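Worksheet: one structure, shown below.
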2 protein chains.
Amino acid sequence: MKNLLSVLKISVPEKIFIKDPETSDLGKRIIEHSIILIDEIGFESFTFKKLGSKIGSNESSIYRYFESKHKLLLYLSSWYWAWLEYQLVIETFSISNKQEKLEKAIKVVTRTVKEDNNFSHINETVLYKIIVNESSKSFFTKEVDAENKEGYFEVYKRLVSRLEVMITEVKPNYEYSLSLASTIIEGALHQHFLNEHFPTITSCKKGKTPTNFFIHLVNSNLK
Amino acid sequence: MKNLLSVLKISVPEKIFIKDPETSDLGKRIIEHSIILIDEIGFESFTFKKLGSKIGSNESSIYRYFESKHKLLLYLSSWYWAWLEYQLVIETFSISNKQEKLEKAIKVVTRTVKEDNNFSHINETVLYKIIVNESSKSFFTKEVDAENKEGYFEVYKRLVSRLEVMITEVKPNYEYSLSLASTIIEGALHQHFLNEHFPTITSCKKGKTPTNFFIHLVNSNLK
DNA sequence: CAAATATAATAGTATTACTATCATAATTCG
DNA sequence: CGAATTATGATAGTAATACTATTATATTTG
């Protein structure tokens, strides 16, 4: 994976940023440390001023890359979903058995990101924590519909669609494949959150993972 | 329902408020209009100052009821879950067939709140919209664990537990009943959100409701 | 009717989420 | 190489936010 990604670039919708952070050293430091800082203090308390002082740069310089911290969150989310999509595609590509392929897909989209793949400045393990805890704030806004029209959520929607296709392959006449796909992806994040903060309302603990839960759910559903 | 609730009072954990808004006219107006205003402008743009001018009262007076707008959101969420719990209990109480009872329970917790039951100053239809769009912000914070210890999420967790009990009644040896219960409750909100904002990634449209989806899912799962 | 309590009015504070301007450093290109 | 362009930094400023504090005025209760 490391080798492949050294030639590929995770692609995020262009309208999300003013200047592509991948094109400069400062840009990369913005991304790298925004992930760390948001994880540390939470998205609400996160400001460009604080980030600036963390990376020894200026607030105004960060504004040259992102219009607002909301746009930065959109960037991080899109990046994560694109990265997951990439993994989904390569890890299922060569599997011809439909059932097996779907099972692998569920594994990929529901597993906890624990190891840092660090082919880049982005720490995926920490980014994953942000996705679990903060990413929904990127769409629970009054501007969702306008931003959706601008294509800000394309990557996420494409990932759901890819999973949906695999579900439909296994059970062509199933009426709720899209809802099942979106439930798996969002539900896995939610179960991870519950495991960490509200363990009394999740079965996912001691070896029982969200992956186990969703594979079991899908298997008995599509039989 | 209207009659029963005129003697009952929806009970919200006491630590959430400074002064119980149910005990005064101003308090009730705060709740009534905060729901309308949050729905109108979104939780981010909502302020006590704006609410004050809407209800012809003063910012400082609202602070005597709630420490912060975050606490107000916790109040509204708890109120909603308590109201749902109440409906869950009465609507399933007399059903002795376990399968049928569970199905009714899923209906109650996944249905769209469309009609206003207006036994009180609270418009449940609008409150439901807030739950779909804003309520997750009440737990996606750096203070969740501390607030969880204070009991702020008790009502929500109790609702999940009640559903879990009914699932276990139908299939005692099922390993993931808690995760299934939490997935149904959170997942239904998510599907409602998708239906409104990202219709391309949900099957729930034109007569196909989140209720249909989850009932189908659970039925084929627990068979 | 006095005392207690609730509400309103006003002021003040540190911080936020920016925008604008100007200076300086680094890069590119003829 | 030197000029022009572009990127970054420093500073200042603004309206709004999320409060706290104080004092005044209603309203309720005993």
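Because the structure is predicted, anything quoted here is derived from the model rather than measured. Within every chain, numbering begins at 1; the chains are lettered A, B, ... in the order of the sequence lines, protein sequences first and strands thereafter.
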Base, sugar-phosphate or nothing for Thr47(B)? Non-hydrogen atoms, less than 4.0 Å.
sugar-phosphate
So OG of Ser61(A) and CG of Leu26(A): to nearest 0.5 Å the spacing works out to 6.0 Å
Here the distance between atom P of dT16(C) and atom CZ of Phe43(A), to the nearest Å, is 13 Å
Leu51(B) CG to dC19(D) P, in whole Å, measures 14 Å
Checklist line | OP1 or OP2 of dG9(D) under 4.0 Å from side-chain N/O of Ser57(A) | finding: yes
Closest of dT22(D), dT8(D), dG9(D) to the Ser60(A) side chain is dG9(D)
*Are the side chains of Ser34(B) and Phe46(B) in touch, meaning some heavy atoms are under 4.5 Å apart?*
yes
In whole angstroms, the gap separating P of dA20(C) from CD of Glu67(A) amounts to 12 Å
Taken to the nearest whole Å, NZ/Lys71(B) to P/dA18(D) is 16 Å
To the nearest angstrom, the NZ-C1' distance between Lys28(B) and dA6(C) comes to 15 Å
Here the distance between atom C1' of dC19(D) and atom CG of Leu72(B), to the nearest Å, is 15 Å
Within the 4.0 Å heavy-atom criterion, would you say Tyr63(A) contacts the bases, only the backbone, or no part of the nucleic acid? base
To the nearest 0.5 Å, atom CG of Leu74(B) lies from atom CD of Glu147(B) at 5.5 Å
Within the 4.0 Å heavy-atom criterion, would you say Phe66(B) contacts the bases, only the backbone, or no part of the nucleic acid?
nothing
Report task. Scan Lys49(A) against the nucleic acid and name what it touches under 4.0 Å (heavy atoms): base, sugar-phosphate only, or nothing. Result -> nothing
Among the nucleotides dA21(D), dA17(C), dG9(D), whichever has the atom closest to the side chain of Lys69(A) is dA17(C)
| field | Test item: Ser182(A) side-chain N/O and Ile201(B) main-chain N/O as donor-acceptor pair under 3.5 Å | value | yes
With the side chain defined as heavy atoms from C-beta on, Tyr65(A) is closest, among dA7(D), dA8(C), dC22(C), to dA7(D)
request  = Look at Ser68(A) and dA17(C) and indicate whether a side-chain polar atom (N or O) is within less than 4.0 Å of OP1 or OP2.
outcome  = no
Closest of dA7(D), dC19(D), dT7(C) to the Lys19(A) side chain is dA7(D)
**Message:** Need one value for Glu59(A): base, sugar-phosphate or nothing, where a base atom within 4.0 Å counts as base even if backbone is also close, heavy atoms only.
**Reply:** base
Checking Arg29(B), Glu40(B), Lys49(B) against Lys54(B) for side chain to side chain contact (heavy atoms under 4.5 Å, CB included), the one that qualifies is Glu40(B)
Atom CG of Asp25(B) and atom P of dT5(C) are separated, to the nearest Å, by 20 Å
Short side-chain N/O contact from Ser24(A) to OP1 or OP2 of dT8(D), under 4.0 Å = yes
Rounded to whole Å, CZ of Arg64(B) lies from P of dA9(C) at a distance of 12 Å
